[in-house]
There are 2 protein chains.
Amino acid sequence: MDALTINEAAETTGWSPRMLRYVERMGLIESRRSPAGYRLYGPEELQRLRTLRELLAEFDVGLAELGFASRLRREEQLAAAVDAWFEAEPARPDDVEAADWLRFEQEKHQRLLDAALT
Amino acid sequence: MDALTINEAAETTGWSPRMLRYVERMGLIESRRSPAGYRLYGPEELQRLRTLRELLAEFDVGLAELGFASRLRREEQLAAAVDAWFEAEPARPDDVEAADWLRFEQEKHQRLLDAALT
DNA sequence: GAAACCTTGACACGACGTTGGTAAGGTTGG
DNA sequence: CCAACCTTACCAACGTCGTGTCAAGGTTTC
C-alpha cells in the first residue's frame, strides 16, 4: 500500500499537484491509477520526481526540453533524422557510410560513458 | 570565394537574415566570419540550413528544441544525467551496471540504425 | 565619399508554454 | 452523510519562441 495520493506526493517531492499532472502530460512520469482514477505514486515515481527536479535545476533545463528528449527516445525516425543532421551527413541512409556512422556513434557513447565515470 | 553573405544566404535558403542570426544563437549553425566580422556561408552551411528547414517541418520540431538536442551533444555531463534519468537507474555511475548501460545503448543504436535503413 | 552592405542591440507583437486558481462533479473514510 | 479528498476542464497571468523592424555604427565598392 506504499502509494501516495497526488497531494501527498506533491508534499514530499516539492512539485505542486498541478505540476505533477503537467509532468504527466509531458510524457515524463506515468503514475498508476486507483480503480476510481486517482493517481497513485509509488516510491519509484517519487524518487524519479525528486531527481527530476535536481536534474532540471542543476542544468537549467525545462520540462518541455526534457519532454523533447523523451520524444527523441520514443520516435526513432525523429532521432535518426536529428542524428543525421548533426553529423552533417548528406542524409542518404543506404550506402557504406552507414557503417561508419554506427561505429562513430558507438565511439561517442564510449566517450560519454568515460565522462560519466569521472 | 564560394561563400555567401547573410542576405544572399537568406535568399537561397529560405530563412530570413534575422532567422539566420537566431539559428546561430541557438547553437545550430556556426558560419565563419570575414576579417571584419561579416558572416560567410559556404555550400556546406547552406545545405545544412536547407535540410534544417525540412527537418523542422517534417517532424514539427522547433528551433529551441533542436537547440536543446545540440546542447545534449556538447555537454556530456548533461547528456549523461538525462540518460541516467530516463533509464531510471539510481544514478550511481560507479558499479557494474555501467557495462549493462553501455551495452543497452549500443543495442539501441543498432535498432535506430535499422529503423533508419527502412 | 556615397550607396549598399554588414554588425549588435533594442522594442514589439502574436502564438504558445508554463503555472496557478477555480468550478463542477465523483470517491473515500470516520 | 459530510468533510476532505480526487478528477477534468477552463480562465488568467506571465514568460518564451519566432519573427519583424528599426537605430547607431563599421565595411565594401564604385
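Chain naming here is simple, since letters A, B, ... match the order of the sequence lines and numbering starts at 1 in each. Quick caveat: nothing in here was measured; it's all calculated off a predicted structure.
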Item to complete: Whole angstrom is fine here: how far is it from CZ in A/R32 over to P in D/dT7?
Response: 13 Å

Worksheet entry | Spacing of CD belonging to B/E58 relative to OG1 belonging to B/T51, to within rounding of 0.5 Å | 11.5 Å

Item to complete: Kindly compute the distance separating CZ (B/R53) from CE (B/M19), expressed to the nearest 0.5 Å.
Response: 10.5 Å

Response to the item:
Taking for B/M19 and for A/T5 the nucleotide of DNA chain D with the nearest heavy atom, the one nearer the 5' end belongs to A/T5

Discussion item. With rounding to the nearest 0.5 angstrom, report the CZ to OG distance, B/R48 to B/S31.
Written reply: 12.5 Å

Discussion item. Measure CG/A/L40 against C1'/C/dT27 and give the value in whole Å, please.
Written reply: 12 Å

Fill in: Rounded interatomic separation in angstrom, taking CZ from B/R53 and C1' from D/dT19
12 Å

Discussion item. Taking any heavy-atom pair under 4.0 Å as a contact, classify A/R39: base, sugar-phosphate, or nothing.
Written reply: sugar-phosphate

Discussion item. Is there a side-chain contact between A/S16 and the phosphate of C/dG20, meaning an N or O under 4.0 Å from OP1 or OP2?
Written reply: yes

Worksheet, complete the sentence: Which of D/dT7, C/dT7, C/dT18 is nearest the side chain of A/A64? It is C/dT18

Worksheet item: If you count the non-hydrogen atoms of other residues, nucleotides and ligands that lie under 6.0 Å from CD in B/E8, is the total more than 12?
Response: yes

Discussion item. Are more than 12 heavy atoms, taken from residues, nucleotides or ligands other than B/E75, located less than 6.0 Å from that residue's CD atom?
Written reply: yes

Worksheet item: Does anything in residues 22-30 of chain A reach DNA chain C, meaning a heavy atom under 4.0 Å, and if so which residues?
Response: A/Y22, A/M26

Worksheet item: When you check every protein heavy atom under 4.0 Å of nucleotides 21-30 of chain D, what one-letter string (B, S, -) results, 5' to 3'?
Response: B----BBS--

Worksheet, complete the sentence: From CD of A/E8 across to P of D/dC5 the rounded distance in Å is 9 Å

Practice prompt. Any chance you could measure A/I29, atom CD1, to A/L52, atom CG, to the nearest 0.5 Å?
Written response: 6.0 Å

Worksheet entry | Length of the line joining A/D60:CG and C/dT18:C1', which is rounded to integer Å | 15 Å

Discussion item. Expressed as a whole number of angstroms, how long is the span from B/W15:CH2 to D/dG20:P?
Written reply: 11 Å

Worksheet item: Do the charged groups of A/E87 and B/R73 touch, with an N to O distance under 4.0 Å?
Response: yes

Worksheet entry | 5' precedence on DNA chain C between A/L63 and B/G37 (nearest-nucleotide basis) | B/G37

Worksheet entry | Carboxylate-amine/guanidinium contact A/R33 A/E24, below 4.0 Å | yes

Fill in: Spacing of CD belonging to A/E11 relative to CD1 belonging to A/I6, to within rounding of 0.5 Å
13.0 Å

Worksheet entry | Atom pair distance, as rounded to whole Å: CZ in B/R21 and C1' in D/dT19 | 13 Å

Worksheet item: Can you check the B/L20 CG to D/dG18 P distance for me, whole Å?
Response: 14 Å

